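See structure below.
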Amino acid sequence: MSDGYPTATQKETLRLICDHGRLETERLGRHLLQARRPSTNPGYARAITRMAGTLAWRLHAQGFITETAGGAWAATATGRRLIACPGERE
């Protein structure tokens, strides 16, 4: 997080949440992993999926996503405007 502005990875995460509607942290981690090039490093997949929680926390702190009653993350209107997402999918 740089002075309250989202990083490229945070925007990528926000785009995944917006594109898929609501995502739980575990599903978000799987989507982040699928969006990246594979690696032969044995800890790579675990690190990328673990990163999902940190990214979600930062986006939530910035007001770009909100946690739903079911524990999933959803983009806020501010988050959707940031990445020009047309609207929340149900």
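If you're wondering where the values come from, they're calculated on a predicted model, not measured in any experiment. Starting from 1, each residue takes its place in the sequence as its number.
A77 pairs by the side chain to side chain contact (heavy atoms under 4.5 Å, CB included) definition with R80, R81, not counting sequence neighbours. For E67, the side chain to side chain contact (heavy atoms under 4.5 Å, CB included) test picks out W73, with sequence neighbours left out. Partners of R30 under the side-chain hydrogen bond (donor to acceptor under 3.5 Å, both in side chains) rule, at least two apart in sequence or in another chain, are E26.
A salt bridge links E24 with R27: at least one charged nitrogen is closer than 4.0 Å to a carboxylate oxygen.
Formation of a donor-acceptor pair under 3.5 Å by the T76 side chain with backbone atoms of F64 is found in this model.
With values rounded to the nearest 0.5 angstrom, C85 atom SG is found 6.0 Å from D19 atom CG. The distance from the NE2 atom of H31 to the OG1 atom of T13 is 12.0 Å, given to the nearest 0.5 Å. Between atom CG of residue L82 and atom CD of residue Q62 there is a gap of 8.5 Å, rounded to the nearest 0.5 Å. Rounding to the nearest 0.5 Å places OG1 of T49 at 10.0 Å from CG of L28. Taken to the nearest 0.5 Å, the CZ atom of R15 stands 11.0 Å off from the CD atom of E12. Atom OG1 of T9 and atom CG of L32 lie 8.5 Å apart (nearest 0.5 Å).
Summarising the geometry of L14 relative to A75, their closest heavy-atom pair is CD1-CB, 4.0 Å, with the distance given to 0.1 Å. Here the closest non-hydrogen pair linking I83 and K11 is CG2-O, 4.2 Å. Considering all non-hydrogen atoms of both residues, Y44 and R37 come closest at OH-O, 3.0 Å. Considering all non-hydrogen atoms of both residues, T68 and A74 come closest at CG2-CB, 3.9 Å. Heavy atoms only, all atoms of each residue included: L23 and L16 are closest at CD1-O, 3.7 Å. Considering all non-hydrogen atoms of both residues, A56 and I65 come closest at O-CD1, 3.4 Å.
When the shell of 6.0 Å around CZ of R46 is examined, it contains 12 or fewer heavy atoms from other residues, nucleotides or ligands.
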